[in-house]
Structure formats: structure tokens, C-alpha cells
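Notes follow once the structure below has been shown.
All ligand and atom numbering here is 1-based and tracks the order in the structure.
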Amino acid sequence: MRSLYSPLIVLFICLISACSSEPKVSLSDASIIPLPRDVQNADGSFRLGQTTGIKIEGTGPGIEWIGSFLAKEIGKASGSTLAISDEGAIILQRTSGSNYEAYSIDISEETIVLKSDGEQGLFYAVQTLLQVLPAEIASNGQLTLPVSIPAGTINDEPEFGYRGSMLDMARHFFSVEDVKHYLDIMARLKYNYFHMHLSDDQGWRIEIKSWPKLTEIGGSTEVGGGEGGFYTQEEYKDIVNYAAQRYITVVPEIDMPGHTNAALASYAELNPGVNLANGVLDSLTKLPLDYDMPIVNPQPAELYTGIEVGFSTFATDLDLTYKFVDDVVREIVEMTPGPYFHIGGDESHVTEKDDYIKFVERAQEIVNKYGKISIGWDEVATTTLRPENIAQYWGDDENALLAVGQGNKVIMSPAKKTYMDMQYDSTTYLGLHWAAYIEVDDAYNWDPSNYLEGINKENILGVETPLWSETITNREEMEYMIFPRIYATAEVAWTPSSMRNYDSFSSRLALMAKRWDMRGINYYKSPKVNW
Ligand code: TNX
């Protein structure tokens, strides 16, 4: 009896589930992070097979690169080679408007059409499509074609135009390969600005040809006494290009006038000298108080490998200091196509207030003279901000209000929400906790436009999540701190807060983890996610 019934049972199951070649999920069930604005399901599915091709409608080297990027991703996962051809059923179409980051995806039985006015929008469409594919798309060779992609449409665009992440390569140096890995992670999440913290007390990480000792001496160490390192100008340009191909703009930071010990160890003449005129050495030297040589014999600072900061400062009254800043800004600007240059400006605890104001105003002038918009940590708002320049809020509400009061915009990086060097909880084996313990739901549950009283969406350029590296020494540790919080901030920056919901986010994260396993990512298995 049993053998007679079983074929019928199989047939019946096939009928209700439309058999295995049909998609088991609809488009709206796909785990897409950041969540798109609008996802509509339709009947049927698109069959992506060995012979599916990619067609490019619109010109430009960028679109072709995006097409081959998609082909390469599918190729790596499945072992097949998707051709770029006029017969292709996956169509990349550049449309003629000027909403460059918005995109749509239309999946039918016959075609998948990805559309955007901008190349970046097409790149985002490709990233979304990759997330709609089975998790094996993240593998080396485990994706079996054909696969069914559920039909439907997606219409999407970001809430904020600046969606950034920062890596601190000054406290611990990260290789070019590690930086590219970081950029790959950012690109999948539609981040578009990569802030490089290139200098601090513990290390100087970018070659400056007119001041070679910066890297020779200042680049030679890091927190804990390791050998440090630096990027040559060629390597920096390689990073800038790698980022640009992924529609990510590099924002270089030289932190000053504090956080400058590595530079001060490299060049004695940048140090504040002993000021005879204010009487420090009068009793020793018996020089007359009006003696016309206020600065003598500055000594180079010692290299520093600790964690505490706030003890260093440039000599703000020396012309040489501004010559130095000018040279550094000029050389970096020449290699940086993006609109921003970050001057740091945080925690200058040993710079006199007046000196700080004078320095930050001149540094802004220099950056603007070289055609860039200056960004500074929120302390810079205590000086006169030149028009268009930006303050990056990290913790002082008053400073953020000062910036907005001057008519300038802010980038939102509240340490309590976005600092990925903060421990998840008191047991996390890496990280600090001076701002907060930040679990995944803490990183997710906040709204940039409502976070500070008096700061609204129109005052905000965007959102940035930094990874400071005092306690982070290598790629595995970097991954542990950013996975999954870099996903949370990606959605905070991209998806309107009215559409965001932690339960939905955490169930999408749990599905993402399969991809992380395939990529060998060392992620934090938060108890706040049902893995
Ligand atoms: C504060 S945030 C700093 C950094 C540290 C970080 C550690 C900011 C502008 N300054 O120098 O690396 O805390 O969490």
C-alpha cells in the first residue's frame, strides 16, 4: 500500500509548493541590509543560469566595471562566467535624471532590469541584487546554477547623503590588504565615505615627500610598541582608487594641533620651544625680560606607544607650523579627489584656548585654499567655522549646537551609538567602554535627526561609524568589533527611521551570518540576535 501512495504524496507536495525550481521565498523575504524603501512582490521568478548574460545600456567605463563586478561575484561563487553582451537578460540601465544614488530593480520571468541616474545607484542596485541571491553567493564555488530569483520590484534611495565609516590606522597600522577588506565590507552596505585617521600621537601613516621624517620616525611604531608602518603615496592612491571603484570617497584626516606626538617626535622644530619671554627660564639665565628671542632650542618629543592622549600640541605661534600644515595638506589634497579634508581638532588639552582658535581657523583656511571642505571633530565648533565646513559630533552636545548656530552642518558620530571600539558588554575581550557598552540593538536603535535637541535632519550631512584601534591589532579583531555593528549603522544612515525596526533587522542579520561564515568572518555572536 505504502509504495502506491508515495508518488501521489510527492506529486501533492509538488503542487502546493510549485516544486523545487520555484523560489521558496518572495522578494520581500530576502535579507537586505540596509532595508530598501520599497519592495513589491510579483508572481513567478527569474532563472539565473550558466548562459544568462549582462547587458549594459548607457555608456561610461564605470557602468562596464559594475557589469563585470557583478559577473565576477557570480563567477567566483558559481564557477561560471556570465558574458557581457547585448543579449543579456540582466540589464544595467543608466537613466538621464540627476538622482544619482536612487535605483530600482525590476525582476520578471524574462529580465532583471537595474536602473539608476547614476553609476553609484547602479552599483547599489547590484549590491542589493547580490543580497537577494542565495547565501552561497558569498562562497568560493558553492553556488549551483541555475537559481531562481523571486519576481518583484525594489525602489530605493538613501536617507542621508554622507554614510561613512572611519578606520584608525594610527594607533595600530593596518595593511593595504586589510584596508581593501574594510572597503569591501563598506561597499556591500552602501557606505560612501571612508575616513582614514592617518595620524595621531602613536603614529604617522602617510608619506609626505617634503617632510620625510614623518614616516621614517613617526611611522615607526604603534600602541604597544609594534613596528607600525605607513602608506607610501602610491599605496594611498591605490586605496583611493580601490575605494572610488566602489563609489566610496576617501576622507583623509591629519589630527591637529593635539594628537600630534608622532609628528613632534619626527621634527624638533615643530615643538613649542622654551619661552624665555614668559619668564620660564629667567631665574636660570638672568636674561632681560624684553630679550627678543622668545623660543629656544625645541627638543623632539619621544615616540609614544601608550593609549592616554591629550598631552601633545603643535607650536601654534610659529610660521613654520603653518608651512608644515600647508605642505601636508597640499601633498595629500593632490592625491585625494573627494571634497573633504579632516583636520582633527579633538582633545587638544594642552593648547591654550586662544592658540587653539587661531590654529583651527588657519588650518581651515589652508584646507579651503586647496579647494577642500574642512571637517573637524566637534571641538572645532568653538572656533569660527568658515562657510561650508563641517563639525563631526562625537559627544559634546554644546559643540554640535555651536556648529549649527554658525550655519554649518554636522556629521553624527555619537560615541554612545557609533563607536565600534566600545565593548559590546563588560565581557568583550577587546575594546574600551568610556562612552558606553554598545550592543547591536543599541547601535541600531537611534535616530540621527532626533538624537540631539536642536539638531534636525537639515543640519545633518550624514552619519559615520568609527573604529578606533587602541585595542584592535589585526584583521580578526577588526572584524569582531565591526560585525555586526557596521550593519546597524548602515541601516541607520540609509533607511528612514520610520521604516526601521530592530526585530526585522536582527532576523535579517541572522540570515546574513551564513554569508559571514562562508567568508570566514570573525563576528560577534550577540545574544541580542536569534542566530
Ligand atoms: C576619543 S573621538 C578620541 C580618540 C580615541 C577614542 C577611543 C575622538 C575625536 N577622540 O582619540 O581613539 O576616544 O574611543
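- The six-membered or imidazole ring of Tyr236 lies away from that of Tyr231, with a centre-to-centre distance of 6.0 Å or more.
- Ligand 1 has at least one atom lying under 4.0 Å from a heavy atom of His259.
- Between the Asp355 side chain and the Thr351 main chain, no donor and acceptor come within less than 3.5 Å of each other.
- The shortest N or O to N or O distance between Arg171 and ligand 1 is below 3.5 Å.
- With hydrogens left out, the protein atom closest to atom 8 (C) of ligand 1 is Asp346 OD2, 3.3 Å, a heavy atom.
- Residue Glu352 qualifies as open at atom CD: its count of foreign heavy atoms under 6.0 Å is 12 or below.
- In terms of polar-atom proximity, Trp434 is counted as a contact of ligand 1, with an N or O under 3.5 Å from an N or O of the ligand.
- When hydrogens are left out, the protein atom nearest atom 2 (S) of ligand 1 is Tyr419 OH, 2.5 Å; that is the closest non-hydrogen contact.
- A distance-only check finds a donor-acceptor pair linking the side chain of Ser348 to the backbone of Gly258 [under 3.5 Å].
- Scanning the protein heavy atoms around atom 3 (C) of ligand 1, the nearest turns out to be Glu347 OE1, 3.5 Å.
- The local environment of NZ in Lys416 is sparse, with at most 12 non-hydrogen atoms from other residues, nucleotides or ligands closer than 6.0 Å.
- Within the set Met422, His433, Glu470, the minimum heavy-atom distance to atom 5 (C) of ligand 1 is found for Glu470.
- The Asp421 neighbourhood of ligand 1 comprises atoms 7 (C), 14 (O), with distances under 4.0 Å to a heavy atom of that residue.
- Ligand 1 is never approached by Val309 to a heavy-atom distance shorter than 4.0 Å.
- In this structure, the ring of Trp377 has its center less than 6.0 angstrom from the ring center of His195.
- Trp531 has its ring centre less than 6.0 Å from the ring centre of Tyr523.
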